[in-house]
2 protein chains.
Amino acid sequence: MHKFFMYIFEVMANSKLYKGSLNTIILKLLEEQGKMYGYEITQKVKALTKGELHITEGALYPALHKLEAGGLLDVEVVKVDNRLRKYYKLTEAGEKETVNRLAELEEFIRSMQQLVNPNWSID
Amino acid sequence: MHKFFMYIFEVMANSKLYKGSLNTIILKLLEEQGKMYGYEITQKVKALTKGELHITEGALYPALHKLEAGGLLDVEVVKVDNRLRKYYKLTEAGEKETVNRLAELEEFIRSMQQLVNPNWSID
DNA sequence: ACTTATGCATAAGATATTTATGTATTCTTT
DNA sequence: AAAGAATACATAAATATCTTATGCATAAGT
């Protein structure tokens, strides 16, 4: 792709990822997909959100390591085409935590809609 | 209220405020209400979200000061019952910025729903 | 050959929040 | 009347989460 268009795309794709949502996104994707590796997650998020949300590697990899350290994820290292892939999947604890995080996120979204879209609220 | 029940309430009300959303909440409330003071904002958010979202003072006051310093808010100090109130309202720049922030937030919510609620997505 | 894409990683810096205090007045309950 | 709770502001230290920058290495495209 030409550099100019890449620049344009960069600017367009600069939609904010609200802090705290990354872990929930990771957990949810793993719940759906079974297992994924880091790079795959970044691409999947781009695809699902049509380029709106951009997961940076500097955020993703530390997050994966932390989730693993916290016992929510298991890793399996695989070599494909002479390159490493680290496949992550939910542990049992991870599955339970995913339910909680999703409930929290949905609650947050509901709350935000009450604030932002007050015609839905009672008062 | 008894300390035990306050504790219980504290725990219950511990729903996460995703980082980055506070400024947008402030701007949106001011857009709706015209003018508000800090303490009023904390109470309004509690009321609108039925206790789900809890804006801490340690986050709110610095945020208000920064929005003011950035030219998005104007202040008016009023003495009521021998106590100070600092009423904030949107400047013209603040009104414009509110539109942008709300659009960003709605875009974020849309993206999250695509991720969390994939039955709405195309693929 | 050179660039882009794939795939991992980490460190430094920025930023937004929580937690912990602090001050002071008024209202409510015992 | 005393004590606690609510009202109203504020700030500093600690923590968390992210961006930006950088690094390494292989494969694929141009």
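Proteins come first, then strands; the chains are lettered A, B, ... in the order of their sequence lines, and each starts at number 1.
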Legend entry - Residues which pass side-chain contact (heavy atoms from CB on, under 4.5 Å) with B/K35, listed by chain and number, not counting sequence neighbours: B/E76, B/Y87, B/K89
Inset, instruction - Can you sort out which residues in residues 71-84 of chain A have a heavy atom within less than 4.0 Å of DNA chain D? Ascending by number, please. - result: A/D81, A/N82, A/R83
Inset, instruction - Quickly work out the A/M36 CE to C/dC8 P distance and round it to whole Å. - result: 11 Å
Inset, instruction - Using five base pairs at each end, measure the axis-to-axis angle across the helix from C/dA1-D/dT30 to C/dT30-D/dA1 and round it to 10 degrees. - result: 30°
Legend entry - Remaining members of the apolar cluster that contains A/L84, side-chain heavy atoms under 4.5 Å: A/V77
Inset, instruction - Calculate the interatomic distance between A/Y87 atom OH and C/dT6 atom C1'; express it in whole Å. - result: 12 Å
Legend entry - Sequence-aligned protein contact record of nucleotides 9-16 of chain C, with B where the base is within under 4.0 Å of a protein heavy atom and S where only the sugar-phosphate is: BB----BS
Inset, instruction - Apply side-chain contact (heavy atoms from CB on, under 4.5 Å) to A/A93 and list each qualifying residue two or more places apart in sequence or on a separate chain. - result: A/L72, A/T91
Inset, instruction - May I have the distance from A/I25 (atom CD1) to D/dT17 (atom P), rounded to whole angstrom? - result: 14 Å
Inset, instruction - May I have the distance from A/I41 (atom CD1) to C/dC8 (atom C1'), rounded to whole angstrom? - result: 13 Å
Legend entry - Spacing of B/L53 atom CG relative to C/dT17 atom P, expressed in whole Å: 11 Å
Legend entry - Whole-Å gap separating P (C/dT17) and NE2 (B/H54): 14 Å
Inset, instruction - Name the closest nucleotide to the A/Y37 side chain, picking from C/dG7, D/dC9, C/dT6. - result: C/dG7
Legend entry - Euclidean distance, atom CD1 of residue B/I55 to atom P of D/dA10 [Å, nearest integer]: 16 Å
Legend entry - Euclidean distance, A/L64 CG relative to A/I26 CD1, rounded to 0.5 Å: 4.5 Å
Legend entry - Value in whole Å for how far the C1' atom of C/dA5 lies from CD of A/E40: 15 Å
Legend entry - Separation between NZ of A/K44 and CD1 of A/I55, rounded to the nearest 0.5 Å: 14.0 Å
Inset, instruction - Go through the steps to decide whether A/F108 and A/S21 satisfy the test side-chain contact (heavy atoms from CB on, under 4.5 Å), and finish with yes or no. - result: CA-CA 10 Å; A/F108 169 73; A/S21 56; over 6 Å; no
Legend entry - side chain to side chain donor-acceptor pair (under 3.5 Å) partners for A/R110, two or more places apart: A/E107
Legend entry - Any pair counted as salt bridge (charged side-chain N to carboxylate O under 4.0 Å, His left out), so long as it reaches residues 57-68 of chain B, sequence neighbours left out: none
Legend entry - Heavy-atom check, side chain of A/L27 versus side chain of A/L73, under 4.5 Å: yes
Legend entry - Set of residues satisfying side chain to side chain donor-acceptor pair (under 3.5 Å) with respect to A/Y39, sequence neighbours excluded: none
Inset, instruction - List for me each residue that meets salt bridge (Lys or Arg N to Asp or Glu O under 4.0 Å) alongside A/E40, sequence neighbours excluded, and say none if there are none. - result: none
